[in-house]
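In what follows, a structure is listed as structure tokens, so that the remarks can point back to it.
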Amino acid sequence: MKITLKDGSVKEYSEAKSVYEIAKDISEGLARVACAGELNGEIVDLRTEISEDAQLNIITAGDEEGLKVIRHTAAHVMAEAVKRLYPDAKVTIGPAIADGFYYDFDAEPFSREDLDNIEAEMKKIMKEGHEITRFTLPREEAIRFMKEKEEPYKVELIEELPEDAVISFYDQGGFVDLCAGPHLMSTKGIKAYKLISSSMAYWRGDSDKARLQRIYGTAFNKKEDLKAHLEKLEDAKRRDHNRLGREMGLFTTVEVIGQGLPLFTPKGTKMIMKLQRWIEDLEEKEWGYVRTRTPLMAKSDLYKMSGHWDHYKDGMFVLGDEETDKEAPSGHTSMPSGKKKETFALRPMTCPFQYFVYKNEQHSYRDLPYRMGETSTLFRAEDSGEMHGLTRVRQFTISEGHLIVRPDQMVEEFKGCLALAKYCLKTLGVEEDVTYHLSRWDPDNREKYIGEPEVWEETEQHMRDILKELDIDFVEDVGEAAFYGPKVDINARNVYGKDDTMITIQWDALLAEQFDMYFIDKNGEKVRPYIIHRTSLGCYERTLAWLIEKYAGKFPTWLCPEQVRVLPISEKYESYAEKVRAELARQNIDVTVDNRSEKIGFKIREARLDKLPYMLVVGQKEEEEGTVAVRSRFAGDEGSKPLAEFISAIKKEIDTKEIRKEEVPAENN
């Protein structure tokens, strides 16, 4: 047989060979670092035998797929360590994931001390250097095998496989796990690893099933790579908006109010108000939007008309029970006896409400595009396990908008929505941090969507052409479309590597029919419009979380809830400090005075810890000369300046929304 390698060279063998044997034949060094093989484009185990002509690439730890194999093996080693230390624990699944691995156990919660002990046991297992071998069993034998080991979760997994399935296992010196592989040849192959954390999880991700304990870990081929990754995780913890935002006093949560319902302090509220006012003015004054204001709830009839009741009801907060007729309580006359109680739901979206604003009066072709914008508070019944800080909440506010357009205007208006989104991202300094996704329908899951296949295919092609014309790199995600149309999702990655959708622009050629929306064309005929559903900035809560992590709390000056703090060096200069504050406030600059009886050095350190853009130190010299001693987090000590000069400079910075770069180390400013 002929084996064609990645470099085009060919190896010939007269008998079957495993991937590992071929790697060893190429070189002993390659065999030592080999993790898996890519056989005819498919990742396979090193133990895989090849008996016919094939294309083969040896996967090493330098490859992404090789790193996955190392991490998958590390997950098995961790599972063995847990079973050694906690024999009553039951194993479930343990895959490699982005940046690491996890394994779920039916066990008591693990503390940090427990994780350290498990790490130490893993080190023993690796030092023992057990050979990892693969074997298979018929389905019924595999079930008996796992029942004998008293591993019910593994039994459940096997029982779901076809009766004629051949089940593979991996044995590493006595610890056997159900697994499809691939794995390293020995437990010695893991060079650098760390258990990161533990948390609760549900079996199969179902909250109605068993509560499990998940241990997260990571593994690398080199200790220096592990060290760099752990430093990155520490930086992520420092930037985590859920911690930093609370420390900075921007928001909080209260158990008796509920999970996913954040409370914004005056500081956090001021930041969201600045974002909101900017977007509302931008849309209305520069992009031709009209503002609407619509209810926070509606009868179920509205959602049935839009299709949300059939396609999204599980994600809504429903008020009342449409299945039950209820009589008015004794003594009440507001509801006649026997009358069915109306069912309402808090809105998860604004589109059907704005449709009725459009329908309130007749429109001609000259009136279009009709661009409606609204600062919309929405409600989604998120699962408790999905919520985190401000990125996933049950009540949130978005910069929502709907454009009612003629079909011939659709492409240009869609481009305009993309341009507005890109402008907002650029202004916030995050344009380079996003990825674009064409979220498509899944033709194999027809019940999830409305409309005919040809409409979907045509619409998706229009969007594909627009993105290519604008030279926007994008990926396509099948099955991520809304039930009524495809969309462009603009995503950003949080500090832990998870993608969050920040901005969405949706193409809708279907819902106008359901709501009997039309415009009068040149010939006096009624014509169905198209609709664009879009956000310009997205969810304000999620955007704030993104900005906290992006800037580690050191926001651009225009966004800061406190832009300037005046620091009198003693109480003798408090009156001048107040005069400075008043003048800054008259110029709409957010300013405070620190009148505490503390030394000036302490006040400066406090202001620096609060991540303020500017501190103005005032004393005798400044009062006599009408100046301020400027210190900033950008350039440190900027020297003494006339107050008017400072005001002019900071107003320009705020008005232009400049993102000023830091020029000196933080400890020197």
Side-chain angles (χ1 to χ4, degrees), residues 32-36 45-46 60-61 65-134 149-151 153-154 169-201 212-234:
R32 282 194 296 271
V33 297
C35 298
D45 199 281
L46 289 170
T60 70
E65 290 296 333
L67 205 50
K68 285 183 181 178
V69 175
I70 291 173
R71 289 166 175 168
H72 194 181
T73 303
H76 277 225
V77 171
M78 180 178 73
E80 180 179 359
V82 169
K83 290 292 287 185
R84 285 187 180 187
L85 296 173
Y86 311 96
D88 292 335
K90 304 301 179 186
V91 292
T92 64
I93 57 173
I97 56 175
D99 293 333
F101 59 88
Y102 73 80
Y103 210 117
D104 289 346
F105 303 92
D106 190 341
E108 294 297 316
F110 296 103
S111 66
R112 181 65 248 181
E113 183 180 357
D114 293 330
L115 298 189
D116 293 340
N117 292 335
I118 295 168
E119 274 188 11
E121 194 65 31
M122 289 173 68
K123 185 175 183 180
K124 292 179 185 177
I125 295 169
M126 294 169 194
K127 191 173 182 180
E128 290 165 8
H130 298 293
E131 181 184 358
I132 301 175
T133 58
R134 182 179 184 272
K149 288 188 170 292
E150 298 182 347
E151 296 293 357
Y153 297 97
K154 299 293 185 181
F169 296 84
Y170 282 82
D171 184 336
Q172 52 195 50
F175 175 76
V176 180
D177 204 350
L178 169 73
C179 189
H183 283 285
L184 300 176
M185 299 297 286
S186 164
T187 59
K188 279 186 177 179
I190 303 168
K191 307 298 183 183
Y193 66 97
K194 181 69 178 176
L195 300 188
I196 305 298
S197 63
S198 64
S199 64
M200 190 274 289
L212 306 174
Q213 302 303 319
R214 175 171 296 178
I215 299 179
Y216 286 99
T218 192
F220 289 86
N221 191 49
K222 298 177 181 177
K223 290 183 178 180
E224 51 266 38
D225 291 342
L226 174 62
K227 180 181 178 183
H229 179 72
L230 295 178
E231 289 174 352
K232 180 181 175 182
L233 288 181
E234 285 302 311

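In what follows, every heavy atom counts, from backbone to side chain, and hydrogens, waters and symmetry copies are set aside. Position 1 is the first residue of the sequence; numbering continues from there.
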Calculate, to the nearest 0.5 Å, the distance between atoms OH and NE2 belonging to Y103 and H72 respectively.
8.0 Å

Applying side-chain contact (heavy atoms from CB on, under 4.5 Å) to R32 and not counting sequence neighbours gives E28

Go through the structure and list residues passing side-chain hydrogen bond (donor to acceptor under 3.5 Å, both in side chains) with D114, not counting sequence neighbours.
Y86, S111

Checking I118 against F110 for the side-chain contact (heavy atoms from CB on, under 4.5 Å) test, could you report, in this order, the C-alpha distance in whole Å, the side-chain angles of both residues, the deciding distance, and whether it holds?
CA-CA 10 Å; I118 295 168; F110 296 103; 4.0 Å; yes

Between D171 (side chain only) and G173 (backbone N and O only), is there a donor and an acceptor less than 3.5 Å apart?
yes

With rounding to the nearest 0.5 Å, note down the distance linking CG in L230 to CD1 in I196.
5.5 Å

Find out whether L46 and C35 are in side-chain contact, i.e. whether some heavy atom of one side chain is under 4.5 Å from a heavy atom of the other.
no

Looking at every non-hydrogen atom in both residues, tell me the closest pair between R71 and I97 and how far apart they are.
NH1-O, 4.3 Å

With L212 via side-chain contact (heavy atoms from CB on, under 4.5 Å) - residues at least two apart
T92, D104, D106, Y153, W203, A210

Heavy-atom side-chain contact between P95 and F101 under 4.5 Å
no

Minimal heavy-atom distance between L184 and T73, with the atoms involved, is N-OG1, 3.1 Å

Taking the side chain from T60 and the backbone from V33, do they hold a donor-acceptor pair closer than 3.5 Å?
no

Extract all donor-acceptor atom pairs below 3.5 Å that involve side chains of residues 216-225 and protein atoms in other chains or at least two apart in sequence.
from : atom 1 : to   : atom 2 : distance (Å)
Y216 : OH     : R214 : NH1    : 3.3
T218 : OG1    : D99  : O      : 2.6

Donor-acceptor contacts, no H, no angles, side chain residues 76-85, under 3.5 Å, sequence neighbours left out:
from : atom 1 : to   : atom 2 : distance (Å)
H76  : NE2    : H183 : NE2    : 3.4
E80  : OE1    : Q172 : NE2    : 2.9
E80  : OE2    : R84  : NH2    : 3.2
K83  : NZ     : P87  : O      : 3.4
K83  : NZ     : A89  : O      : 2.7
K83  : NZ     : E151 : OE2    : 2.8
R84  : NH1    : E121 : OE2    : 3.1
R84  : NH1    : E128 : OE2    : 3.3
R84  : NH2    : E128 : OE1    : 2.9

Straight-line distance of I132 CD1 to T187 OG1, nearest 0.5 Å
6.0 Å

How many angstroms lie between NZ in K90 and CZ in F105, if you round to the nearest 0.5 Å?
13.0 Å

Sequence-distant partners of E119, side-chain contact (heavy atoms from CB on, under 4.5 Å), two or more places apart:
R112, Y193, K194, L195

